Amino acid sequence: MLLTVAAVFFAVLGAFYFHAKPALSALGVGRVIQPVGNTNCRTVPQLQACEKLVLHQPSGLVYLACSTPHSRSHWTPALDRLNASGRSEFDYVATYDPRTDAINQLSFSGPLSPGGISLHGMDVVPSSDDSSLLYVYLVNHRKPISADARTIGADSVIEVFKTRIGSSTLEHLRTFQDPAVVITPNDVVGSPDGKSVHFTNDHRLKTGFSRLVSLLALSPDTSIGFCHADQGCKFAYTGLHAGNGIVKGKNDTFYVADCVLGGVTVLERQADNTLAFTEVIKTDRGLDNLAIDANGALWAAGLSDTLGMVTRQINDPSALVASSALRITINRGPSSFYGEKYNIDKVFEDPGELASGSTSAVYDAERARLFMHGLMSPHLTMCSL
């Protein structure tokens with residue numbers, strides 16, 4: 001009987017390891033960090049804890065959604081950090097001009113919720129009518145007013161502002177909120193008219209033990225939502241695994257990052273703004289935010305050490321966590337005839353001394369500059385590549 005129990009135990013353990021092995025590898029277990037692209041770089045320490053970067057290509061300005069490293073340890077709903085008393089009350093959007101090192105912290109104008117501003121994902125979209133007018137879409141994890149966040153989760157919404165290039169003000173236009181669809185928003189893709197947005201939900205539920213169960217079971221239970229100012233909100237796609245960063249190509253192609261198993265899900269927009277599955281681009285690591293450069297290359301912030309970020313850095317923002325940046329392009333070489341549709345190049349990797357816990361990687365192809373920052377990173381990193 002004892003031998004039978006032991007056999008069953010080891011069989012279950014072996015099955016769990018077989019099931020979990022791809023995830024452990026993607027999460028960075030056993031990964032050897034191989035520095036590359038990190039020699040011609042500098043940092044900007046005035047900008048900290050900026051989870052998302054967006055490049056305004058014509059001007060070369062970088063828009064950043066920032067907080068403080070310490071407050072992220074208390075208030076990061078995506079990582080079940082729901083101590084509202086420890087959240088920052090001074091999150092902000094800033095611009096950085098790499099030509100002059102000028103930093104412009106934008107002020108919020110207009111009616112805002114008493115739940116405050118707690119920033120996560122962001123998109124900055126030029127108006128289709130006026131290229132100098134920008135619509136800024138922000139994931140805002142507001143603290144709930146009526147109950148403890150640790151019980152009901154964050155009161156997360158998507159805020160839409162407008163600004164102009166060089167302006168120091170963000171003028172509030174609208175708030176997208178729908179508790180049935182805007183559940184755990186992570187990142188956003190906004191429209192050029194300021195009226196609609198696609199976004200990822202990084203969990204099916206705001207709180208609860210089932211979030212951990214879903215993570216361990218590798219359940220495909222994250223989603224993409226769509227909201228329109230006149231039509232309300234709905235789900236655009238369901239059945240994603242660990243959906244995180246999202247970006248739109250120049251056509252109607254959307255790319256969504258998997259932050260646990262790695263890979264990019266490719267989707268095509270339909271006439272009703274839902275999304276249809278096309279394919280998955282596989283990678284060897286989890287990915288966070290995505291960006292597309294002026295040449296059409298897809299860039300991803302590679303999570304070289306996801307476990308280090310969610311177990312060490314979230315508790316101690318000074319902990320060094322390795323970072324990487326991947327560039328994904330169409331393979332036009334001979335190997336494309338043998339099924340290798342994409343080139344996936346690790347353009348940057350650092351053990352954390354220069355870029356620690358990066359969640360966003362943006363490349364300015366016209367000026368050959370790579371920008372990296374992260375949820376709890378101590379500074380902006382800029383490299384010439």
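Small disclaimer: the values here were computed from a predicted structure and weren't measured. Computed over heavy atoms, backbone and side chain alike; hydrogens, waters and symmetry mates excluded.
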Examine the side chains of [X] and [Y] and answer whether a donor and an acceptor come within less than 3.5 Å of each other.
X      : Y      : value
Thr163 : Glu171 : no
Asp272 : Thr274 : yes
Thr200 : Asp187 : no
Ser219 : Asp221 : no
Trp75  : Asn83  : no
Ser323 : Ser304 : no
Glu279 : Tyr342 : yes
Thr222 : Asp202 : no
Asp364 : Gln57  : yes
Asn315 : Arg81  : yes
Tyr135 : Ser191 : no

Under a 3.5 Å distance rule, please check whether [X] uses its side chain to pair with a backbone N or O of [Y] as donor and acceptor.
X      : Y      : answer
Ser324 : Gly302 : yes
Arg204 : Ser210 : no
Asn201 : Thr184 : yes
Asp252 : Glu268 : no
Ser377 : Ser356 : yes
Asn295 : Ala297 : no
Asp288 : Ala301 : no
Thr76  : Leu79  : no
Asp350 : Asn38  : no
Ser360 : Lys52  : no

For a 4.5 angstrom cut-off between non-hydrogen side-chain atoms, does [X] reach [Y]?
X      : Y      : answer
Lys248 : Arg269 : yes
Arg31  : Ile33  : yes
Cys259 : Leu303 : yes
Leu134 : His56  : yes
Leu380 : Tyr96  : yes
His379 : Arg42  : no
Leu205 : Ile183 : no
Gln48  : His70  : no

As a quick check of understanding, evaluate side-chain contact (heavy atoms from CB on, under 4.5 Å) for Val54 and Val362, giving each step before the final call.
CA-CA 7 Å; Val54 178; Val362 174; over 6 Å; no
Run the salt-bridge test on [X] and [Y] with the 4.0 Å N-O cut-off and return the result as yes or no.
X      : Y      : value
Glu51  : Arg72  : no
Asp155 : Lys143 : no
Asp148 : Arg150 : yes
Arg164 : Asp130 : yes

Is there a side-chain contact (heavy atoms from CB on, under 4.5 Å) between Cys233 and Phe226 once you walk through the steps?
CA-CA 6 Å; Cys233 300; Phe226 173 77; over 6 Å; no
Tell me the closest heavy-atom pair linking [X] and [Y], and the distance in Å.
X      : Y      : result
Ile344 : Leu326 : CG2-CD1, 4.3 Å
Ala65  : His120 : CB-O, 3.9 Å
Val181 : Phe199 : O-CE1, 3.7 Å
Ala236 : His198 : CB-CD2, 3.9 Å
Leu290 : Leu298 : CB-CD1, 4.2 Å
Ser131 : Pro126 : O-CB, 4.1 Å

Just checking Phe277: does its CZ atom have more than 12 heavy atoms from other residues, nucleotides or ligands closer to it than 6.0 angstrom?
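For Phe277, atom CZ is crowded (more than 12 foreign heavy atoms under 6.0 Å).
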Whether over 12 other heavy atoms sit under 6.0 Å from Lys195 NZ:
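At most 12 heavy atoms, drawn from other residues, nucleotides or ligands, come within 6.0 Å of this atom.
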If the test is side chain to side chain contact (heavy atoms under 4.5 Å, CB included), which one of Ser156, Pro185, Ser118, Ser113 qualifies with Asn140?
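Passing option: Ser118.
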In terms of ring plane angle, is the pair Phe108 and Phe161 parallel, tilted or perpendicular, where the classes change at 30° and 60°?
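Tilted, since the angle between the ring planes falls between 30° and 60°.
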Given Ile314 and Met376, is the side-chain contact (heavy atoms from CB on, under 4.5 Å) satisfied, shown in steps?
CA-CA 7 Å; Ile314 190 66; Met376 291 163 282; 3.6 Å; yes
Starting from the C-alpha separation in whole Å, work towards a yes-or-no answer on side-chain contact (heavy atoms from CB on, under 4.5 Å) for Ile246 and Ile224.
CA-CA 9 Å; Ile246 183 171; Ile224 299 173; 4.3 Å; yes
